[in-house]
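Predicted model, so just to flag it, every value in this text is computed and none were measured.
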Amino acid sequence: MTRPSPPELLTLHAVRILGFADTTAVAGRFGLDVAEVGETLGDAEAWGWVTRSTFADLSGWSLTDRGRAENERQLAAELAAAGAGAEVDAVHREFLPLNARLLAACTRWQMRPTPSDALAVNDHADGAWDADVLAELGAIARGLAPLVRRLRDVLTRFADYDTRVDAALRRARTGEHGWVDRSDLDSCHRVWFELHEDLLATLGLDRHAQP
């Protein structure tokens, strides 16, 4: 049976996987009430788990080292209570080859080598090149869907990653190129990065130690 996560865990976890976000974005990540999330973040700030920063016209929350440790403690306890450690670990191992393919596809989306420049930026003038990359991304998305279903079956918070990737791909196929890799959109790459971070956090793994 799938296990729903408490709002307090989801709030701290949303800050973790988003990296830096304002209260509205933190609440929106898991469909939480904005006012309640604001209160939870205020409490988390008092505990030293999050910090609020402002850069030019941007203001948002990020985890402290203590907050990262607390988030992983909460996630580990949830994983143990759900009895889902083996399944999430197995999904993560099956995810890694898809992750390598996704990163390669995004690189091909960003660059299109020419005879005179191996690092030439892809100007998206070659429709066949872009169509080939989008086809590969579609195949990757189809491979992701059963993994997300397995995660969703044990932890509800994993439910929307496959549908978000599919939605970004639909936009990219209409010619909106940024929906493949832009970080300021809910693009394929951004959603994928969040899922990878979610898996690593849930399993207590270090991203930099991964293959």
For the pair [X] and [Y], find out whether any cationic side-chain nitrogen is under 4.0 Å from an anionic carboxylate oxygen.
X    : Y    : result
E194 : R164 : yes
R29  : D160 : yes
R93  : D89  : yes
R112 : D126 : yes
R66  : E70  : no
R182 : E176 : no

Identify whether [X] and [Y] are in the same connected component of the hydrophobic contact network (ILVMFWY, side-chain heavy atoms under 4.5 Å).
X    : Y    : value
V34  : L12  : no
I17  : F20  : no
L10  : V26  : yes
L103 : W192 : yes
L185 : V133 : no

Considering all heavy atoms of both residues, which atom of [X] and which atom of [Y] are nearest to each other, and what is their separation?
X    : Y    : value
A82  : L155 : CB-CD2, 4.3 Å
S187 : G178 : CB-O, 3.7 Å
A90  : R150 : CB-NH2, 3.9 Å
V165 : C188 : O-SG, 4.0 Å
R52  : S59  : NH2-OG, 3.4 Å
A84  : V154 : CB-CB, 3.7 Å

Any chance you could measure [X], atom [atom1], to [Y], atom [atom2], to the nearest 0.5 Å?
X    : Y    : atom1 : atom2 : answer
H13  : T11  : NE2   : OG1   : 11.5 Å
T202 : N71  : OG1   : CG    : 8.0 Å
L32  : S5   : CG    : OG    : 10.0 Å
L144 : L102 : CG    : CG    : 9.0 Å
F30  : L9   : CZ    : CG    : 8.5 Å
L18  : S62  : CG    : OG    : 11.5 Å

Side-chain H-bond candidate by donor/acceptor type, W109 with D130, under 3.5 Å: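 Note: W109 and D130 side chains miss the donor-acceptor criterion.
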
Would you check if [X] and [Y] make a side-chain contact, meaning some heavy-atom pair closer than 4.5 Å?
X    : Y    : answer
T23  : W61  : yes
I140 : E136 : yes
V180 : H189 : no
L199 : F158 : yes
D198 : Y161 : yes
L79  : L75  : no
L200 : H92  : yes

Atom CG of D184 with >12 non-hydrogen neighbours under 6.0 angstrom: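 More than 12 heavy atoms, drawn from other residues, nucleotides or ligands, come within 6.0 Å of this atom.
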
side-chain contact (heavy atoms from CB on, under 4.5 Å) assessment of L96 paired with H196: CA-CA 9 Å; L96 290 176; H196 196 184; 4.2 Å; yes

Aromatic ring pairing H177/H124, orientation class (parallel under 30°, perpendicular over 60°, tilted between):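 Parallel, since the angle between the ring planes stays under 30°.
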
side-chain contact (heavy atoms from CB on, under 4.5 Å) between S183 and F193, worked out: CA-CA 10 Å; S183 61; F193 183 93; over 6 Å; no

Sole candidate of R73, R157, R3 that passes side-chain hydrogen bond (donor to acceptor under 3.5 Å, both in side chains) when paired with E78: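 Running side-chain hydrogen bond (donor to acceptor under 3.5 Å, both in side chains) over R73, R157, R3 with E78 returns exactly one hit, R157.
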
Cluster companions of L119 among Ile, Leu, Val, Met, Phe, Trp, Tyr (side-chain spacing under 4.5 Å):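 L119 shares its hydrophobic cluster with M111.
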
Mind listing the side-chain donor-acceptor pairs of residues 37-50 below 3.5 Å, one per line with the distance, residues two or more places apart or on another chain?
from : atom 1 : to  : atom 2 : distance (Å)
T40  : OG1    : E36 : O      : 3.0

Candidate pair R152 and D162, rule side-chain contact (heavy atoms from CB on, under 4.5 Å), full reasoning: CA-CA 11 Å; R152 183 175 61 227; D162 54 339; 4.2 Å; yes

Exam field: side chain W129 to backbone R108, donor-acceptor pair closer than 3.5 Å: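 Side chain of W129 to backbone of R108, a donor-acceptor pair under 3.5 Å: yes, one is there.
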
